[in-house]
*Asks:* 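This structure is in structure tokens; I'll ask about it shortly.
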Amino acid sequence: MASVLAQLDSSNICPSPEELVARARAMVPVLKERARACTAARNVPTETVAEFQEAGFFRVLQPKRWGGYEMGPNVYFDILRTLAEGCMSSAWIYGVIGCHPYELALFHDQAQHDVWSEDTSVLVSSTYQPVGKVERTEGGFLLSGRWGFSSGSSHCQWVLLGALVWPEGGPGSGPPDMRTFLLPRSDYQIIDGSWDTFGLQGTGSLDIVVERAFVPEYRTHRSEHGFLCKNPGQAENDGPLYSLPWAQIFTRGVSTAALGGTRAAIDAAMGIMKDRISTNTGKASKADPVLHAAIAKAHAQVQEMELVLKTTFDDVMALAA
């Protein structure tokens, strides 16, 4: 516990949102340099994840009581978009792993202690596919199954897994209860799958295998509670941030990187346009009005989406407050 208190004391010096985004901006050139190796290895380099940790990125949505910054979602989104300008795969795993401190804050307080009591910097991966086999037992459940696409899982010590919990009478006796199960690294295996998706080859989205692991009731999170904002963790984490519907954060954690990736594509197009000579016409691309119009349209569209995202969550956080 003394080590945890030391971590909490050292994390009291909270960087400003502007400083965090500036740290992400400074990483973009390095992420670009590592992008090819990241893709080839099919996993984000360990040093990249360590630098994200050192920069404090994973603490943005973490409760202050656990050494986090408890900042608004727009800070998290701004960091995510910026990192994606350097490497989509690296940004993707930040988007996924970086929002899990938020969901963990919604779990029962004992689950938070299980994960963070020894080390508040512990990382958690996920795969929410409801494919797990659940058996009821005293005090909780026995969970089994194989889940795909757990992004960044090799860098994490815990995992969040999706499964359906049926009523006592089994399937057909009533609607299922969609839950997320929280398991420590000792309770699952990470297996290499067939992940090779264009643009995200480097995300290390591996398979998770579990064989009848016991999961206490308190280490499950009901999807219904996340939607209705009636989460057990809100008793201790009672700030405005944790009163938002969980899915509103998560879905944008896996979509916002595309905005930064689009900006990177626009910048690349601008760079190519400056020096390219068309093999068809022999004319310089920088003099092509059609190409200018296409780039300008893409720029306007991504700018609109970024503005809508920011304005929406400014409004949402104002309502929550």
*Asks:* I'd like to know if the side chain of Y69 and the backbone of P17 have a donor-acceptor N/O pair within less than 3.5 Å.
*Replies:* no
*Asks:* Should S150 and L206 count as side-chain neighbours, where that means a heavy-atom distance under 4.5 Å?
*Replies:* no
*Asks:* Using residues 266-273 as the side-chain source, report each donor-acceptor pair under 3.5 Å to any protein atom, sequence neighbours left out, with the distance given to one decimal.
*Replies:*
none

*Asks:* Would you check, one step at a time, whether the test side-chain contact (heavy atoms from CB on, under 4.5 Å) holds for H155 with N43?
*Replies:* CA-CA 10 Å; H155 303 287; N43 207 345; 3.4 Å; yes
*Asks:* Excluding sequence neighbours, so at least two apart, what forms ring pair (Phe, Tyr, Trp, His ring centres under 6.0 Å) with F250?
*Replies:* Y128, W246
*Asks:* Do any N or O atoms from the side chain of N74 and from the backbone of K310 form a donor-acceptor pair under 3.5 angstrom?
*Replies:* yes
*Asks:* Over all heavy atoms of both residues, which pair between L61 and P73 is shortest? Give the atoms and the distance, please.
*Replies:*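 Residues L61 and P73, closest heavy atoms: CD2-CA, 4.3 Å.
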*Asks:* Sequence neighbours excluded, which residues qualify as salt bridge (charged side-chain N to carboxylate O under 4.0 Å, His left out) partners of E306?
*Replies:* R81, R263
*Asks:* Following the transitive rule for hydrophobic clusters with a side-chain heavy-atom cut-off under 4.5 Å over Ile, Leu, Val, Met, Phe, Trp and Tyr, establish whether V28 and L20 coincide in one cluster.
*Replies:*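 As far as the 4.5 Å side-chain criterion goes, L20 and V28 are not connected within one cluster.
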*Asks:* Tell me which pairs pass side-chain hydrogen bond (donor to acceptor under 3.5 Å, both in side chains) where either residue lies in residues 268-283, with sequence neighbours left out.
*Replies:* R276-S285, S278-T281
*Asks:* Check whether F214 forms a cation-pi arrangement with R212 (NZ or CZ under 6.0 Å from the six-membered ring centre, at most 45° off the ring normal).
*Replies:*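 Relative to the ring axis of F214, which defines the angle, R212 lies outside at least one limit.
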*Asks:* Kindly compute the distance separating CG (L291) from NZ (K286), expressed to the nearest 0.5 Å.
*Replies:* 13.0 Å
*Asks:* For D177, what residues pass the salt bridge (charged side-chain N to carboxylate O under 4.0 Å, His left out) criterion, not counting sequence neighbours?
*Replies:* R179, R222
*Asks:* Not counting sequence neighbours, which residues clear side-chain hydrogen bond (donor to acceptor under 3.5 Å, both in side chains) with S151? List them please.
*Replies:*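 By the side-chain hydrogen bond (donor to acceptor under 3.5 Å, both in side chains) rule, S151 matches W92, S205.
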*Asks:* Checking side-chain contact (heavy atoms from CB on, under 4.5 Å) for the pair I208/I190: CA distance, chi angles, key distance, verdict?
*Replies:* CA-CA 5 Å; I208 303 295; I190 300 176; 4.0 Å; yes
*Asks:* With rounding to the nearest 0.5 Å, note down the distance linking CG in L106 to CG in N237.
*Replies:*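 Answer for the CG-CG pair, L106 versus N237, is 8.0 Å.
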*Asks:* Looking at side-chain heavy atoms only, is the closest gap between Q157 and V115 below 4.5 Å?
*Replies:*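 Sidechains of V115 and Q157: no contact.
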*Asks:* With hydrophobic residues grouped by side-chain heavy-atom distances under 4.5 Å, do V210 and V124 end up in a single group?
*Replies:*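 V210 does not cluster with V124.
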*Asks:* Taking the side chain as everything from C-beta on, heavy atoms only, tell me whether V134 gets closer than 4.5 Å to F181.
*Replies:* yes
*Asks:* Which atoms form the tightest heavy-atom contact between A111 and L182, and what is the distance?
*Replies:*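 That would be CB-CD2, 4.1 Å.
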*Asks:* Please say whether more than 12 non-hydrogen atoms of neighbouring residues, nucleotides or ligands are located less than 6.0 Å from OH in Y242.
*Replies:*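 Buried by this count: over 12 neighbours within 6.0 Å.
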*Asks:* For S121 versus D119, what's the shortest heavy-atom pair and its separation?
*Replies:*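 Looks like OG-OD1, 2.6 Å.
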*Asks:* Do L161 and T127 come close enough that some side-chain heavy atom pair is under 4.5 Å?
*Replies:*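 Yes - at least one pair of side-chain heavy atoms lies under 4.5 Å apart.
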*Asks:* Whether the side chain of R59 engages the backbone of G67 through a donor-acceptor N/O pair (distance < 3.5 Å, no angle test) should be reported.
*Replies:*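 Yes, the answer is positive, given that a donor and an acceptor are paired below the 3.5 Å cut-off.
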*Asks:* If I take atom CG from residue D78 and atom OG1 from residue T256, how far apart are they, to the nearest 0.5 angstrom?
*Replies:* 9.5 Å
*Asks:* With Q248, which residues qualify under side-chain hydrogen bond (donor to acceptor under 3.5 Å, both in side chains), at least two apart?
*Replies:*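 Expected list: R252.
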*Asks:* Given T203 and S89, is the side-chain contact (heavy atoms from CB on, under 4.5 Å) satisfied, shown in steps?
*Replies:* CA-CA 5 Å; T203 57; S89 291; 3.8 Å; yes
*Asks:* When rounded to the nearest 0.5 angstrom, what is the spacing between CG in L160 and OG1 in T180?
*Replies:*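 Taking CG in L160 and OG1 in T180, the distance rounds to 6.5 Å.
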*Asks:* Spell out, yes or no, whether V254 and I249 are grouped together once hydrophobic residues are joined by side-chain heavy atoms under 4.5 Å, including indirect joins.
*Replies:*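 Yes; tracing contacts between hydrophobic side chains, which count when under 4.5 Å, links both residues.
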*Asks:* In Å, rounded to the nearest 0.5 Å, how long is the span from CD of E47 to CZ of R34?
*Replies:*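 The CD atom of E47 sits 4.5 Å away from the CZ atom of R34.
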*Asks:* Let me confirm one number: the OG-CH2 distance from S125 to W147, rounded to the nearest 0.5 Å.
*Replies:* 12.0 Å
*Asks:* Taking only residues two or more places apart in sequence or in another chain, which ones pass side-chain hydrogen bond (donor to acceptor under 3.5 Å, both in side chains) with R25?
*Replies:* E85
*Asks:* Flag yes if more than 12 heavy atoms outside R36 fall under 6.0 Å of its CZ atom; otherwise flag no.
*Replies:* no
*Asks:* Just wondering, do T262 and M305 contact through their side chains at under 4.5 Å, heavy atoms?
*Replies:*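 Heavy-atom side-chain distance check fails, nothing below 4.5 Å.
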*Asks:* The criterion is side-chain hydrogen bond (donor to acceptor under 3.5 Å, both in side chains); which residues satisfy it with R136, sequence neighbours excluded?
*Replies:*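 Partners of R136 under the side-chain hydrogen bond (donor to acceptor under 3.5 Å, both in side chains) test: none.
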*Asks:* Side-chain contact, heavy-atom cut-off 4.5 Å: H221 with L104?
*Replies:*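 With C-beta onward as the side chain, the pair stays apart.
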*Asks:* Assert yes or no for the condition that the ring centre distance of Y218 to F107 is strictly below 6.0 Å.
*Replies:* no
*Asks:* Any chain of hydrophobic side-chain contacts (each under 4.5 Å) joining W116 to V215?
*Replies:* no
*Asks:* Please answer: with hydrophobic residues joined when any side-chain heavy atoms are less than 4.5 Å apart, are V131 and F141 in the same cluster?
*Replies:* yes
*Asks:* Side-chain contact, heavy-atom cut-off 4.5 Å: W158 with D114?
*Replies:*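 In short, these two side chains touch, coming nearer than 4.5 Å.
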*Asks:* Hey, could you give me each pair passing side-chain hydrogen bond (donor to acceptor under 3.5 Å, both in side chains) that has a residue in residues 162-175? Not counting sequence neighbours.
*Replies:*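 Not a single pair qualifies under side-chain hydrogen bond (donor to acceptor under 3.5 Å, both in side chains).
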*Asks:* Can you list everything that forms a ring pair (Phe, Tyr, Trp, His ring centres under 6.0 Å) with Y94? Sequence neighbours excluded, please.
*Replies:* F57, F58, Y76
*Asks:* Quick one: are D192 and R42 in side-chain contact, heavy atoms under 4.5 Å?
*Replies:*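 The answer is yes, as the side chains (C-beta and beyond) meet within the 4.5 Å cut-off.
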*Asks:* Listed by chain and number, what are the salt bridge (charged side-chain N to carboxylate O under 4.0 Å, His left out) partners of E33, not counting sequence neighbours?
*Replies:* none
